[in-house]
Amino acid sequence: MFQQTQRKLTIQYSSLIMMFLVLFIVVVYTLLYIVILRDQHRELEQLTRQETRVISNYLAESARNELQGLGSQELVLAGVDQFFYYVTDTDGNFVMGSETVPPMRSQLFRLVSGWEPERNEIREESIKVTFDERRIGGREIEEQPKSDTVRLMIDGSPIFYNDQFVGMIYIGKDISFAYQLFHWLLIVLVSLTVLFAGVAVFISFMMSKKAMGPISSAFNRQKEFVGDASHELRTPLSVMLSSIDAIQMTDGVEADPFAQKLLRNMKSEVKRMTGLVSDLLVLARADSGGVERTSDHVDLREEAENVIESLLPHAKANGVSLGMEAPESLPVTGDRARLKQLMVILLDNAVKYSPDGGRASLQLTESGRHWTMKVTDEGIGIHPDDQPRIFDRFYRSDKSRTRTVGGHGLGLSIAKWIVDIHQGAISVESEPGKGSTFIVTIPKEKAAST
Ligand code: ADP
């Protein structure tokens with residue numbers, strides 16, 4: 001139970017830490033993305049302004065009112081990371097320009113031709129560039145054609161001469177390095193996230209362990225107390241029972257009906273208490289994992305017959321008939337004593353909660369790798385609201401009535417525990433006034449375990 005809570009706490013703590021971590025990383029990445037791109041944006045705008053001014057000044061100096069005929073040799077326009085620049089005339093025809101990879105001129109020019117940028121409009125494009133050869137240390141080295149994607153940021157600006165529009169200038173800036181930076185940044189941040197995820201889980205585990213420490217030690221002390229107290233109570237109770245037997249047989253008392261009645265009541269209460277104490281002991285030991293569980297080869301049919309036989313007097317006393325339906329033999333692996341106890345608990349309840357003249361039956365079946373036990377009665381049934389809670393300790397749907405039939409609300413908790421240690425499942429189908437069916441399904445071959 002504590003392990004489960006600790007696991008839950010660990011998951012909660014680490015998800016919280018991870019959430020903050022991821023949030024932090026997203027914010028850092030986004031901020032860097034925005035800042036770097038904006039910086040590139042600004043640089044490109046500056047470059048465009050500067051080169052537009054150079055051309056305008058040149059036109060003014062040479063007193064030309066058109067760009068036609070202007071050659072690249074007359075003006076050198078270059079900027080940091082400038083991938084290309086093109087100047088077009090009023091009709092959008094190429095006038096001059098240059099690019100880092102000359103064979104790509106037509107492809108690059110197509111990107112900008114006819115584009116009339118709005119104010120502050122900047123475009124981003126990515127193009128594939130194939131390098132056939134590379135220059136290393138001044139020598140040209142033949143290489144496999146290598147293709148790279150280049151990210152371009154493109155700006156365009158009109159050129160005026162004496163307030164008259166004479167053409168456009170387009171500049172493409174290579175911002176691949178920025179994207180490469182983002183790429184690496186992402187890898188580093190994701191690796192850090194993975195690393196910190198491990199650290200977060202470890203820290204969360206330690207924190208939850210620390211938080212659970214005092215609770216689990218208090219619970220262990222309480223469990224030990226219940227176990228010890230139950231154990232210590234058993235001896236005086238059995239002494240009381242044998243003393244009552246002895247008193248009942250004493251001469252004077254034997255003849256006194258009132259004394260006999262009192263002693264009978266006393267005996268039944270002591271028996272009830274003995275039952276309660278032994279149930280408490282079972283659960284206390286189950287909690288501390290201190291119950292020895294065996295893995296026996298059990299023939300369920302044989303055990304069911306024995307259980308029914310032992311319960312017959314009790315059923316008869318309540319006016320309930322007991323029936324059984326099972327295959328000739330049903331061999332399974334499990335803890336013989338616990339499986340018998342499970343049948344006793346369910347059948348005893350079926351008898352207890354059936355009216356005089358009722359019927360209770362036990363049905364055993366096998367299907368594939370599982371066996372199923374159904375205990376059916378035609379008794380008072382269980383209200384749907386109570387059904388999910390009847391396996392809780394000390395839960396009784398009707399406390400006053402249950403007192404008269406002698407229950408104390410631990411039977412089904414023990415039944416559930418027995419089913420759990422056999423890796424099975426228990427459920428109930430019931431309708432008030434019509435009866436109940438308890439269904440247990442357990443793997444045939446699985447040995448009992450923790
Ligand atoms: P108890 O000792 O009170 O029978 P259990 O844990 O065995 O305790 O059962 C819990 C409660 O579930 C009972 O008090 C009763 O209200 C209800 N219950 C269990 N079995 C049956 C049944 N066969 N028919 C009707 N009610 C049942």
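For ligands, and for the atoms within them, numbers begin at 1 and follow the listed sequence. Nothing here was measured: the structure is a model prediction, and the numbers come from that model.
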Original post:
What closest approach, in Å, do G156 and P117 show between heavy atoms, and which atom pair accounts for it?
Top reply: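 Reported closest heavy-atom pair: O-CG, 3.4 Å.
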
Original post:
Any idea which heavy atoms bring I418 and L342 closest together, and the distance?
Top reply: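 Looking at all heavy atoms of both residues, the shortest contact is CD1-N, 4.0 Å.
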
Subject >> Which segment of F391 sits under 4.0 Å of ligand 1 when only heavy atoms are counted >> reply: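 It is neither; nothing of F391 touches ligand 1.
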
Could you tell me whether [X] and ligand 1 have an N or O pair separated by under 3.5 Å?
X    : result
L412 : yes
K352 : yes
N349 : yes
G409 : yes
G411 : yes

**OP:** Can you spot which of L283, V282, L281 makes a side chain to side chain contact (heavy atoms under 4.5 Å, CB included) with R285?
**Re:**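 Considering L283, V282, L281, a side chain to side chain contact (heavy atoms under 4.5 Å, CB included) with R285 is found only for L281.
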
Taking only heavy atoms of [X], which atoms of ligand 1 are found under 4.0 Å from at least one of them?
X    : answer
H408 : 1 (P), 2 (O), 3 (O)
L410 : 6 (O), 8 (O)
S397 : 14 (O), 15 (C), 16 (O), 17 (C)
D377 : 22 (C), 23 (N), 24 (N)
R396 : 3 (O), 14 (O)

Subject >> Short N-O contact, D245 and K267, less than 4.0 angstrom >> reply: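 Judged by the 4.0 Å cut-off on N to carboxylate O distance, D245 and K267 do form a salt bridge.
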
Subject >> Side chains of Y353 and E378, donor plus acceptor under 3.5 Å >> reply: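 Side-chain D/A pair, Y353 to E378: absent.
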
Original post:
Can you say whether the rings of Y179 and F182 are parallel (under 30°), tilted (30 to 60°) or perpendicular (over 60°)?
Top reply: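 Perpendicular, since the angle between the ring planes exceeds 60°.
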
Subject >> Residue H231 excluded, over 12 heavy atoms near NE2 under 6.0 Å >> reply: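 Result for NE2/H231: open.
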
Original post:
Does CD in E429 sit with more than 12 non-hydrogen atoms of other residues, nucleotides or ligands closer than 6.0 Å?
Top reply: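 It does not: E429 CD has 12 such atoms or fewer within range.
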
